[in-house]
Amino acid sequence: MWVDTHCHVYDPGEGNTVDGTIAAAVSENVTRMVCVGTARDTRILANEIALANDFVFSTVGVHPHDATEGTDSIHDLITRKKVVGIGECGLDYHYSHSPHEIQQQVFAEHIRLANETDLTLVIHTRDAWADTFRILDHEGMPRNVVFHCFTGGPDEAAECLRRGGFLSFSGIITFKNADATREALRCAQRDRILIETDSPYLAPVPHRGKPNEPALVSLVGAKVAEV
């Protein structure tokens, strides 16, 4: 049995449907999926899909790309049934679609919400490790923190693990150029490792370049086991 800890099934990819994507996952023994909301419309869709499917759960958050939206719009969604996490949220300095200062402020607000509600915090961080750790340390690490789609190396993994975080590995772990991420995986305790698809993005080898889906999470798990 498999769990896809991070997917976006409301965006099933070209040629697929939400119902078809979920059915395909079930046929591949995926027994739990966490559908992650990142913007105003997708937060609602993620929760609606969760409410309609016993084995799907949802999160509410503001992606760093959309940080200028602020967190006011997620407060009324946090208490909805089957919401199990805050995020994805964090910092993305690779694209910098929102000013860094606003990203930092909104990330801190998410951390506070996770601490207040005791919901899992789902972090997206890209080219922003130092500020990610600084803000987490300042606000206080929530009880459960997932570093989603982990792409750091051993040093970043060590800092995440030292703070009690979980490392969630995606199809990137199967990519030829992901040696540093595979080395980070080797450093992690087994009870700190999660797997995800981040579908419809980052399909694992041999499906790279095609729309990803939760049904392929077993390929991520197999590669994690091999490493």
Side-chain angles (χ1 to χ4, degrees), residues 1-66 69 74 77 80-85 87-90 92 94-95 97 122-124 126 146-151 168-178 181-182 194-227:
M1 297 184 291
W2 299 97
V3 176
D4 187 350
T5 64
H6 192 114
C7 56
H8 305 276
V9 291
Y10 46 76
D11 183 6
E14 186 176 354
N16 296 326
T17 65
V18 171
D19 289 344
T21 297
I22 291 173
V26 171
S27 72
E28 294 296 328
N29 296 320
V30 180
T31 61
R32 295 287 187 276
M33 290 171 258
V34 181
C35 188
V36 175
T38 62
R40 186 175 285 108
D41 55 342
T42 62
R43 288 190 290 273
I44 299 292
L45 285 171
N47 187 244
E48 289 176 347
I49 292 168
L51 292 172
N53 296 275
D54 290 342
F55 39 84
V56 180
F57 298 84
S58 66
T59 71
V60 292
V62 180
H63 194 284
H65 291 345
D66 304 304
E69 177 188 321
I74 71 172
L77 302 177
R80 286 194 174 196
K81 291 182 179 179
K82 303 195 76 178
V83 170
V84 296
E88 64 185 281
C89 61
D92 193 313
H94 182 78
Y95 289 109
H97 289 324
V122 182
I123 293 178
H124 168 115
R126 190 168 185 188
V146 176
F147 291 90
H148 134 73
C149 194
F150 184 83
T151 54
S168 184
F169 294 92
S170 69
I172 289 174
I173 201 73
T174 70
F175 294 178
K176 184 177 180 180
N177 62 350
T181 301
R182 284 187 285 272
L194 302 173
I195 59 173
E196 63 172 90
T197 59
D198 198 19
S199 64
Y201 317 107
L202 303 175
V205 174
H207 302 277
R208 190 172 182 184
K210 300 176 183 177
N212 200 3
E213 56 181 315
L216 301 179
V217 74
S218 62
L219 297 179
V220 180
K223 187 63 177 183
V224 165
E226 176 189 323
V227 172

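In this text, all values refer to a predicted model and were calculated from it rather than measured experimentally. Computed over heavy atoms, backbone and side chain alike; hydrogens, waters and symmetry mates excluded.
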Side-chain donor-acceptor contacts of residues 214-221 below 3.5 Å, not counting sequence neighbours, with atom names and distances?
none

Got a list of side-chain donor-acceptor pairs under 3.5 Å for residues 18-36, not counting sequence neighbours?
unit_1: Thr21; atom_1: OG1; unit_2: Thr17; atom_2: O; d: 2.8
unit_1: Ser27; atom_1: OG; unit_2: Ala24; atom_2: O; d: 2.6
unit_1: Thr31; atom_1: OG1; unit_2: Trp2; atom_2: O; d: 3.4

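In this structure, the side chain of Asn47 engages the main chain of Lys81 through a donor-acceptor pair within 3.5 Å. With Lys82 contributing its side chain and Asp54 its backbone, the two residues share a donor-acceptor pair below 3.5 Å. The backbone N or O of Val62 sits nowhere less than 3.5 Å from a side-chain atom of Asp66 that would complete a donor-acceptor pair. Under the 3.5 Å distance criterion, the side-chain polar atoms of Thr174 are matched with a main-chain donor or acceptor of Val205.
By the 30° and 60° cut-offs, the orientation of the rings of Tyr95 relative to His97 is parallel.
Atom CG in Asp4 sits 8.0 Å away from atom CG in Asn212 (nearest 0.5 Å). If you take OG1 on Thr181 and CD1 on Ile173, they are separated by 6.0 Å, rounding to the nearest 0.5 Å.
Heavy-atom minimum distance, Leu202 versus Cys149: CD1-SG, 3.5 Å. The two residues Pro12 and Pro200 come nearest to each other via the heavy atoms C-CB, 4.4 Å. Contact record, Lys176 with Arg182: O-NH2, 3.1 Å, taken as the closest heavy-atom pair.
Residue-environment remark: CG (Asp41) exceeds the threshold of 12 foreign heavy atoms within 6.0 Å.
Under the 3.5 Å distance criterion, with hydrogens and angles disregarded, a donor-acceptor pair is assigned to the side chains of Asp92 and His124.
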